[in-house]
Amino acid sequence: MTSINRISSDYRRALRGFASTVCIVSARTAAGNCGITVTAVSSVSMDPPSLLVAVNESSSMHARLLEASHFCINILGAEQVQHSANFGSPLSMEERFEIGDWRLSADDVPYLCEAQANIFCKKADSPKFGTHSLFIGCVYQLAIGDEIAPLMYLNGKYITPSKLVEVAPSRKTAWAAT
């Protein structure tokens, strides 16, 4: 195995230990509603409030996100495994939106009403890096439920926060001066 193949293989294995919140990124273009399941979502800045979602160029959603001016990050709750599975499947875009309470915002962005949270963004940039584009959005509207219990993905499996244990940090810190 060459060094680059070894790094790629080890990198994939290492990422299996990276717990991620499961989301659906949704948008609307001239072709209609579109969406995919994603875990590569990250906050970018608090000023301006912004986030990014990384989408593979080979994804059915990539070209449509390039076309869209707005998108929504729908943070899935622990009970919404089926939504994640549908939006990560080969179902047509139309079929994906048949399950769940999907609505359109005032500016025509589809969102999952029963999601744990909806983060509406105006696309600010979409730089390419490697096999992915990073869709950066400025947050302009939010809808947040009362409970924080996201659907998560770890080691190739869905998990819920109920299986997690809160750990208090030790009083001794590794970076404290001696």
Side-chain angles (χ1 to χ4, degrees), residues 7-27 33-46 49-62 64-66 68 70-91 93 96-97 99-100 102 109-121 123-139 141-169:
I7 288 172
S8 180
S9 173
D10 287 350
Y11 181 61
R12 285 179 190 273
R13 198 172 91 224
L15 288 181
R16 290 181 69 90
F18 192 83
S20 299
T21 299
V22 180
C23 302
I24 293 172
V25 59
S26 57
N33 291 347
C34 53
I36 58 166
T37 300
V38 294
T39 55
V41 176
S42 183
S43 171
V44 173
S45 175
M46 291 299 287
S50 51
L51 55 73
L52 70 78
V53 57
V55 177
N56 194 308
E57 288 182 317
S58 68
S59 161
S60 59
M61 182 74 170
H62 188 269
R64 298 196 54 193
L65 268 176
L66 284 173
H70 295 75
F71 60 88
C72 182
I73 300 297
N74 301 275
I75 300 174
L76 299 182
E79 72 290 349
Q80 295 175 316
V81 172
Q82 192 58 51
H83 287 81
S84 173
N86 288 348
F87 278 77
S89 77
L91 288 173
M93 289 296 176
R96 294 175 189 193
F97 286 90
I99 297 173
W102 286 94
V109 178
Y111 68 97
L112 181 61
C113 190
E114 69 261 23
Q116 178 177 283
N118 311 101
I119 305 173
F120 296 88
C121 298
K123 187 173 65 181
D125 201 0
S126 53
K128 181 181 174 341
F129 189 85
T131 58
H132 287 62
S133 289
L134 308 175
F135 293 93
I136 301 168
C138 292
V139 177
Q141 182 179 340
L142 298 125
I144 305 168
D146 293 331
E147 186 177 354
I148 296 178
L151 179 61
M152 299 178 75
Y153 199 72
L154 175 68
N155 196 22
K157 297 179 178 83
Y158 291 108
I159 62 169
T160 62
S162 63
K163 295 185 180 180
L164 301 178
V165 177
E166 186 173 335
V167 179

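Keep in mind the model is a prediction, meaning the values are calculated, not measured.
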*Do F87 and F97 have ring centroids that are under 6.0 Å from one another?*
yes

*Minimum heavy-atom distance between S20 and T39, given as atom pair plus value*: CB-CB, 3.6 Å

*Atom of C72, atom of P110 and distance for their closest heavy-atom approach*: CB-O, 3.8 Å

*G77 versus L151, closest heavy-atom pair with distance*: O-CB, 3.3 Å

*Kindly compute the distance separating CD1 (I136) from CG (L51), expressed to the nearest 0.5 Å.*
9.5 Å

*Which atom pair, heavy atoms only, marks the closest approach of Q116 to E147?*
CG-O, 3.5 Å

*Rounded to the nearest 0.5 Å, what's the gap from CD1 on I24 to CG on N118? Could you check?*
10.5 Å

*Stepwise side-chain contact (heavy atoms from CB on, under 4.5 Å) test for I75 and I119*: CA-CA 8 Å; I75 300 174; I119 305 173; 4.0 Å; yes

*Should I148 and P150 count as side-chain neighbours, where that means a heavy-atom distance under 4.5 Å?*
yes

*Given side chains that start at C-beta, do those of L76 and L112 come closer than 4.5 Å, heavy atoms only?*
yes

*Check for a donor-acceptor pair, side chain of R96 on one end and backbone N or O of L91 on the other, with a separation under 3.5 Å.*
yes

*Side chains of C23 and N74: does their closest heavy-atom pair fall under 4.5 Å?*
no

_side-chain contact (heavy atoms from CB on, under 4.5 Å) assessment of S26 paired with W102_ = CA-CA 10 Å; S26 57; W102 286 94; 4.0 Å; yes

_Atom pair CD1 (I73) and CG (L52), whose distance is rounded to the nearest 0.5 Å_ = 9.0 Å

*Strictly by modelled atom types, are N155 and R16 linked by a side-chain donor-acceptor pair under 3.5 Å?*
yes

*From S133 OG over to L66 CG, what is the distance, rounded to the nearest 0.5 angstrom?*
5.5 Å

*Taking all non-hydrogen atoms of both residues, which atom of M93 and which atom of S60 are closest, and how far apart?*
CE-OG, 3.4 Å

*When rounded to the nearest 0.5 angstrom, what is the spacing between NZ in K123 and OG in S50?*
15.5 Å

*Spatial distance of atom NE2 (H83) from atom CD (E114) [nearest 0.5 Å]*: 4.5 Å

*What heavy-atom pair brings K128 and E57 nearest, and what distance separates the two atoms?*
CE-OE2, 2.9 Å

*Please walk me through it: do L65 and S126 pass side-chain contact (heavy atoms from CB on, under 4.5 Å)?*
CA-CA 9 Å; L65 268 176; S126 53; over 6 Å; no

_Candidate pair F135 and V25, rule side-chain contact (heavy atoms from CB on, under 4.5 Å), full reasoning_ = CA-CA 10 Å; F135 293 93; V25 59; over 6 Å; no

*asked:* Are more than 12 heavy atoms, taken from residues, nucleotides or ligands other than I99, located less than 6.0 Å from that residue's CD1 atom?
replied: yes

